[in-house]
Protein chains: 2
Amino acid sequence: MATIKDLSEITGLGIGTISRYLNGYNVKEKTKDKIETAIAQTGYVRNSVARSMKTGKSMMVAVIVPHLANMFSMRVIESIERVLERHGYSVIISDCGGSAENQLNKLELMKQRMVDGFVLLPLAVSGKRLMQAASGKPLVLIDRLLDVNLFDSVTVNNFEVSYRETKQLLLQGVRRIGIIAGPHDVYTAVERKKGFEKALDEFGIADAYIETGGYNVEDGFKAMKRLLNRSLEGLFISNYELTIGALQAYAQSSQTIKIIGFDSIELSSLINRTITCISQPIEQIGEKAAELLLNRMKDPSRRVENVVINI
Amino acid sequence: MATIKDLSEITGLGIGTISRYLNGYNVKEKTKDKIETAIAQTGYVRNSVARSMKTGKSMMVAVIVPHLANMFSMRVIESIERVLERHGYSVIISDCGGSAENQLNKLELMKQRMVDGFVLLPLAVSGKRLMQAASGKPLVLIDRLLDVNLFDSVTVNNFEVSYRETKQLLLQGVRRIGIIAGPHDVYTAVERKKGFEKALDEFGIADAYIETGGYNVEDGFKAMKRLLNRSLEGLFISNYELTIGALQAYAQSSQTIKIIGFDSIELSSLINRTITCISQPIEQIGEKAAELLLNRMKDPSRRVENVVINI
DNA sequence: TTGAAAGCGGTACCAG
DNA sequence: CTGGTACCGCTTTCAA
């Protein structure tokens, strides 16, 4: 691999001159030509590791998620990457396998890699631990507001929208109602469940059928299988994967249940029995997160910003 | 940020000793204690950028895909990451937006970042250009065999399985048949189309309804809308996203079409009219790719290996 | 406009 | 087992 030094030797120019040219500073036309020839000849590419070493910036951002193979994660990551790459940043990903402990480990690892910032789709941990793990590096949270306003974040109004939609169901006369709620250590799942429960409280319903557990297709399927014995009139499902799974079981049955699903817009039209969808503006969430991160990396002392997108 | 030098000053030990301890070599119990105290005290974390600089290995692997927000990409990336992280590698991702040109740019960028290897879900480019762009760095192809055996690769038998399943349809008496084929510069899409066409040839069918274009949900929906005017008896759909889109349109219609979909196992049970699924072992594909890459990074001169997974 | 030289934070070799 | 030192490839003063 050719280095700047090789170029220096070939052209007879100083090492500093080459570097300056490479960084867009003015050099004489003739030197420019010499350098370019040497680059073409050697196939030189700049070593950004060495560059990072000197500048103290790696131009990398770590995105840490509970699970990569999840519709929400991947669409968020896609939009984050799209925005960040325009600013010269690369995205390094880390799947913490749904474990909060692991999440902290991954953060540590990324810190070693000298990433310039983090985006987290966080699992339940305290703000302090997270703060400590990030050791002051810019970190943006998606889908989770921590107790303390330590971090920039972007969320949707999970609680309100869940409350509102559940209420709609109840206003339609639904009484025997259930929820497939997802994990209890995932913030959004908890918020959605709370919103659901608030609506029930208002209507004096105390005996909802609650299924908690994982957040993927199979969990949804199993939960639905159980719920199909309950002659439900209404059902709230907390994410896309759970909805797919639940609908699989549902499709096999002949019951009619009024279903509300999160992010399930694509699926709703597949099944002949209507379901209600709550759609998050996922691209917008990712873009906003990237934007917040860019802002903070530019100005670490700026005020913490907690963006809530109302849907 | 504390450095190894700080530790050296605090402990009074030499810089080399610290480094040795950090790398797991033997040091006296007492020195070990001193160092550990200093680490705890300063919150020292090793700077892997500096380390890479010296060792010439970044311990990063770039995964470049046409689109991140794609079920296949994401699940492949997930399994790649799972395998690689066990070996100390991080995954840096790059979405080339479906453009072959862009793909080469991204490769260049990743080369600058001194990644130790590449995994590509490649768009149509010649093997030579790719070889040149990778400049000899380990590169594994997923879902594409290049004309020359320059790269390790892992694919499924797209052609055969498509041929076989289409033939099944025809054996059932289907004659008016169509395909939603996806982009013509995506290898798998092309292979699947070829397999489809071979089956048609055998049955002397010359006028299939062919829809080509994008590879996402909306493309599938639009294509299906058009195809619903054709009174088809059978339909082959080349990937997951297209299948979702097509099924959306299909669900609204009252036609009955025998449908074959790729990777659409989760969806098949949603819709009350049966569809046939061709399921790729996506995790296995990712794992195999990671494995091939690890092997090549270990031994760059080993024989090129082209793995075909038969489904 | 250019060249020389001092690091950035590690690793690895050498001598002790 | 330990300390000293020469790099790794680049950026960035400082003089010329």
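All chains are named by letter (A, B, ...) in the order of the sequence lines, taking the proteins before the strands, and each is independently numbered beginning at 1.
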Q: For B:Ala50 and B:Thr17, take the nucleotide of DNA chain C holding the closest heavy atom to each; which residue's nucleotide lies nearer the 5' end?
A: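 Counting from the 5' end, the first nearest nucleotide belongs to B:Ala50.
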Q: Quick one: on DNA chain D, does A:Val45 or B:Gly16 contact a more 5' nucleotide (nearest heavy atom)?
A: B:Gly16
Q: Please examine the side chains of B:Arg113 and A:Val49, heavy atoms only from C-beta on, and report whether any two atoms are closer than 4.5 Å.
A: no
Q: Test B:Ile39 against every option in B:Thr11, B:Val45, B:Asp6, B:Leu7 by the side chain to side chain contact (heavy atoms under 4.5 Å, CB included) rule and name the one that passes.
A: B:Leu7
Q: Rounded to the nearest Å, what distance is computed from the OH atom of residue B:Tyr21 to the P atom of nucleotide D:dT2?
A: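 It is 12 Å, rounded to the nearest whole Å.
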Q: Within the 3.5 Å criterion, strictly below it, is a donor on B:Asn149 or B:Asn306 matched to an acceptor on the partner's side chain?
A: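 B:Asn149 vs B:Asn306: donor-acceptor pair found between side chains.
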Q: Measuring only between side-chain heavy atoms, which start at C-beta, is A:Ser94 closer than 4.5 Å to A:Leu109?
A: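 No; the side chains remain at least 4.5 Å from each other.
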Q: So, is A:Asn47 near the phosphate of D:dC8, with a side-chain N or O under 4.0 Å from OP1 or OP2?
A: no
Q: Measure CG/B:Leu22 against P/D:dT2 and give the value in whole Å, please.
A: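 That distance rounds to 14 Å.
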Q: Need one value for A:Tyr44: base, sugar-phosphate or nothing, where a base atom within 4.0 Å counts as base even if backbone is also close, heavy atoms only.
A: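 Touches sugar-phosphate only.
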Q: Could you tell me whether B:Ser19 contacts a base, only the sugar-phosphate backbone, or nothing, with contacts defined as non-hydrogen atoms closer than 4.0 Å?
A: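 Answer is base: heavy atoms of B:Ser19 come under 4.0 Å of a base.
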Q: If you look at every strand shown and take non-hydrogen atoms under 4.0 Å, does B:Ile15 touch a base, only sugar-phosphate, or nothing?
A: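 The answer is base, as B:Ile15 lies within the cut-off (heavy atoms under 4.0 Å) of a base atom.
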Q: For B:Thr31, report the nucleic acid contact type (base, sugar-phosphate, nothing); a contact means any heavy atom under 4.0 Å.
A: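 Since only primed, P, OP1 and OP2 atoms lie under 4.0 Å of B:Thr31, the category is sugar-phosphate.
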Q: Give one of base, sugar-phosphate or nothing for B:Arg46, where a contact means two heavy atoms less than 4.0 Å apart.
A: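 Result for B:Arg46 = sugar-phosphate.
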Q: Identify, between B:Arg20 and B:Lys54, the residue whose nearest nucleotide on DNA chain D lies closer to the 5' end.
A: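 That would be B:Arg20.
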Q: Let me know the distance between CE of B:Met1 and C1' of C:dG9, rounded to the nearest Å.
A: 13 Å
Q: Which nucleotide sits closest to the side chain of A:Lys28: C:dG10, C:dT1, D:dT11?
A: C:dT1
Q: Distance check needed: D:dG9 C1' versus A:Met53 CE, whole Å only.
A: 10 Å
